[in-house]
Amino acid sequence: MVEILILTMGKKDNDWKDRLGVMYSTNPDFNYQTPDDEPQAATLPPRQQKLRLRIERNGRGGKTATVISGFQGSQADADALARTLKTYCGCGGTAKDGEIIIQGDFREKILAKLKELGYTGAK
């Protein structure tokens with residue numbers, strides 16, 4: 001039996017092109033994996049999280065932001081925690097690159113809310 005492998009190349013604007021760079025085979029048992037198939041990191045329970053709060057002004061046009069780093073878990077869980085904190089503080093923010101960024105200086109308020117949610121390792 002002859003097995004043929006094809007490496008695709010081209011633009012990324014069609015559904016089939018989401019799998020660019022993936023080897024295809026004529027073997028019916030061949031199973032390719034895309035980056036989306038990778039398992040996400042398991043979120044640690046709140047008691048095991050070691051979150052750190054800090055204030056940043058650099059690179060933000062002089063505006064102050066509270067940055068929470070050290071969150072270990074999926075992006076969906078980080079987004080949910082960011083949404084909870086933004087609602088609690090009544091401000092904007094985001095969760096990206098393993099950090100939760102809340103607009104404004106809310107260190108004490110966020111620390112109190114994190115303790116209430118069970119994040120005992122927050123400092």
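If you read the sequence from its start, that first residue is 1, and numbering goes on from there.
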Evaluate whether atom CZ of R60 has more than 12 neighbouring non-hydrogen atoms of other residues, nucleotides or ligands under 6.0 angstrom away.
yes

So for atom NZ, which belongs to K96, do other residues, nucleotides or ligands contribute more than 12 heavy atoms lying within a distance under 6.0 Å?
no

Could you report the tightest heavy-atom contact between [X] and [Y], atom names first, then the distance?
X: L111; Y: A122; result: CD1-O, 3.6 Å
X: A82; Y: I102; result: O-CD1, 4.3 Å
X: I101; Y: A65; result: CG2-CB, 3.9 Å

Do side-chain atoms of T66 reach the backbone of G104 as a donor and acceptor pair under 3.5 angstrom?
yes

Quick one: does K115's side chain have a donor or acceptor within less than 3.5 Å of a partner on T120's backbone?
yes

Roughly how far, to the nearest 0.5 Å, is [atom2] of [Y] from [atom1] of [X]?
X: I55; Y: D105; atom1: CD1; atom2: CG; result: 3.5 Å
X: S69; Y: K50; atom1: OG; atom2: NZ; result: 13.5 Å
X: K123; Y: L114; atom1: NZ; atom2: CG; result: 14.0 Å
X: R107; Y: T64; atom1: CZ; atom2: OG1; result: 9.0 Å
X: Q103; Y: C89; atom1: CD; atom2: SG; result: 11.0 Å

Verify side chain to side chain contact (heavy atoms under 4.5 Å, CB included) between V67 and R52, making sure each step is shown before the conclusion.
CA-CA 8 Å; V67 179; R52 299 289 177 248; over 6 Å; no

Is R54 paired with E99 through a side-chain N to carboxylate O contact shorter than 4.0 Å?
yes

Can you tell if the side chain of T43 reaches within under 4.5 Å of the side chain of Q49, non-hydrogen atoms only?
yes

Side chains of T94 and I100, heavy atoms from C-beta outward: is any pair under 4.5 Å?
no

Find out if a path of hydrophobic residues (ILVMFWY) with successive side-chain heavy-atom gaps under 4.5 Å connects L53 to L85.
yes

Kindly work out whether a path of hydrophobic side-chain contacts (I/L/V/M/F/W/Y, heavy atoms less than 4.5 Å apart) joins F71 to I110.
yes

I would like to know whether L81 and L117 meet side chain to side chain contact (heavy atoms under 4.5 Å, CB included); could you show each step before the answer?
CA-CA 10 Å; L81 180 59; L117 293 173; 3.9 Å; yes

